[in-house]
Participant: 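Take this structure first; my questions come after.
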Amino acid sequence: DLSGPPVYRSTTTAPVNIAVVKYWGKRDPKLNLATNPSLSVTLSQDDLRTLTTASCSAKFPKEDSLTLNGEPSDISGARTQACLRELRALRAKLEEADSSLPKLSELPLRIVTENNFPTAAGLASSAAGFAALVRAIADLYRLPNNPTELSVIARQGSGSACRSLFGGYVAWRDGTQEDGLDSKAVEVAPASHWPEMRALILVASAAKKGVSSTSGMQQTVATSGLFKQRVAEVVPKHMATIEEAIAKKDFASFAEVTMRDSNSFHATCADTYPPIFYMNDTSRAAVRAVEQINEKAGKTIAAYTFDAGPNAVIYFLEESAAAIVGTFYKVLSATEGWKDEAKSLSSEIELEETIAQI
Ligand code: 2P0
């Protein structure tokens, strides 16, 4: 329909990020301010991404709307509303300064979004989702804000979303301000800095997870003693070591911190009362497979990490691809030799494996 008011539209994609030093715990649940800094690796958008189109028009129904994977989705939540409010306010400022601009801030929004991976299966769907939402609307509104500034908005949608505004190696500096304006993402290194880095994603279960990250981390903050030690001692050390490892492209060090931090995070989950278990037998079989790969290689060539779900992400360098992928395939297809681990892997992992460029 070409008659009547115009439709303004902008489409963007945002990548999935997988933390190697984990965000777990909020010092302010409303603003999604973290109790500790975190660091992630962004996967290439050729592999896993959210695709979002934001449009606005006077001919749309008055209410803003959001469609996720073809289904109408609730937009009334406080986090989504916070993102929309901030973006509209920035647009309104531009319109105030330049009266020739169309008043897009006053028009209803229509957001259509699609993931090419399972939603809420521990594959950071909220991270890519809110990053894409914020970027799509910022583009639609022609906002001049840079990715770090937009990360402050995306963070309010979902903490980990602030890290999906950048490619490559991204730190979320947790900041100290109460207003959260210094709680933002920065690029530590672009993907091109370490082009040999790869991630193998093993989807152990595409089912939605049992305990949401938001409530899980609240319970951990409230009940775990181990968590206090993680925040005070473990994470600062991990952040410093992994940033140095990335700068020097020291894979063995990068891998050790990655595995230790995943273990530390899941230990605080187990120390939560009542305990939270995200890893299952399949996850643990993947840990053992990585240990065997590294033992066989005589050095650390693979690192596992697990988020708030059973899926494994395995980091490795391109030069080790044959050993790693070969071993996982062997494990998955073995009927003998790998005995129980192999059987449980091959029967439980639905091999929806993706090797992602970084
Ligand atoms: C991370 N996770 O750093 C960690 C590791 C899960 C384990 O960020 O409540 O969905 O929306 O701020 O960002 C998952 O938490 O939580 C997460 P909210 P989010 O990637």
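Atoms within each ligand, like the ligands themselves, are counted from 1 in listed order.
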Participant: Which of the atoms of ligand 1 are close to Arg79, meaning less than 4.0 Å from one of its heavy atoms?
Facilitator: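 Taking each heavy atom of Arg79 in turn, ligand 1 has 9 (O), 11 (O), 18 (P) under 4.0 Å.
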Participant: Just going by heavy-atom distances, which of Gln218, Arg163, Lys22, Met217 is nearest to atom 20 (O) of ligand 1?
Facilitator: Arg163
Participant: Given the rule that I, L, V, M, F, W and Y join up when any side-chain heavy atoms are under 4.5 Å apart, are Leu84 and Val134 in one cluster?
Facilitator: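 Yes; Val134 is reachable from Leu84 via cluster members.
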Participant: Looking at Thr214, which atoms of ligand 1 are within less than 4.0 Å of one of its heavy atoms?
Facilitator: 9 (O), 18 (P)
Participant: State whether the side chain of Ser283 and the backbone N or O of Asn280 hold a donor-acceptor pair below 3.5 Å, judged by distance alone.
Facilitator: yes
Participant: Does ligand 1 come near enough to Ser160 that some N or O of the ligand is less than 3.5 Å from an N or O of the residue?
Facilitator: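 Between Ser160 and ligand 1, an N or O pair is found under 3.5 Å apart.
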Participant: Show which atoms of ligand 1 fall inside a sub-4.0 Å distance from at least one heavy-atom site of Lys26.
Facilitator: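 Counting atoms of ligand 1 from 1, those under 4.0 Å from Lys26 are 9 (O), 12 (O), 18 (P).
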Participant: For the aromatic rings, using the six-membered ring if either is Trp, is the centroid distance between Phe227 and Trp24 under 6.0 Å?
Facilitator: no
Participant: With a cut-off of 4.0 Å, which atoms of ligand 1 are near a heavy atom of Ser213?
Facilitator: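 Within the 4.0 Å cut-off of Ser213, ligand 1 contributes 14 (C), 15 (O), 16 (O).
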Participant: Would you mind writing out the side-chain donor-acceptor pairs for residues 265-274 within the sub-3.5 Å range, not counting sequence neighbours?
Facilitator:
unit_1 : atom_1 : unit_2 : atom_2 : d
His266 : NE2    : Phe306 : O      : 2.8
Thr268 : OG1    : Phe265 : O      : 2.7
Asp271 : OD2    : Ser224 : OG     : 2.7
Asp271 : OD2    : Gly225 : N      : 3.2
Asp271 : OD2    : Leu226 : N      : 3.0
Thr272 : OG1    : Thr220 : OG1    : 2.8
Thr272 : OG1    : Thr268 : O      : 2.8
Thr272 : OG1    : Cys269 : O      : 3.3

Participant: Under a 4.0 angstrom heavy-atom cut-off, which atoms of ligand 1 come close to Asn32?
Facilitator: 12 (O)
Participant: Output the list of atoms in ligand 1 that are nearer than 4.0 Å to some heavy atom of Ala19, sorted by atom number.
Facilitator: 1 (C), 3 (O), 20 (O)
Participant: Should Asn17 and Val170 count as side-chain neighbours, where that means a heavy-atom distance under 4.5 Å?
Facilitator: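 Counting from C-beta outward, Asn17 and Val170 never come under 4.5 Å.
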Participant: Touching ligand 1 at all, Phe265? Heavy atoms, strictly under 4.0 Å?
Facilitator: yes
Participant: When you compare the side chain of Lys26 with that of Val221, does any pair of heavy atoms fall below 4.5 Å?
Facilitator: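 Heavy-atom side-chain distance check fails, nothing below 4.5 Å.
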Participant: Does at least one non-hydrogen atom of Ser126 fall below 4.0 angstrom from an atom of ligand 1?
Facilitator: yes
Participant: Are there more than 12 heavy atoms of other residues, nucleotides or ligands under 6.0 Å from atom CD of Glu178?
Facilitator: no
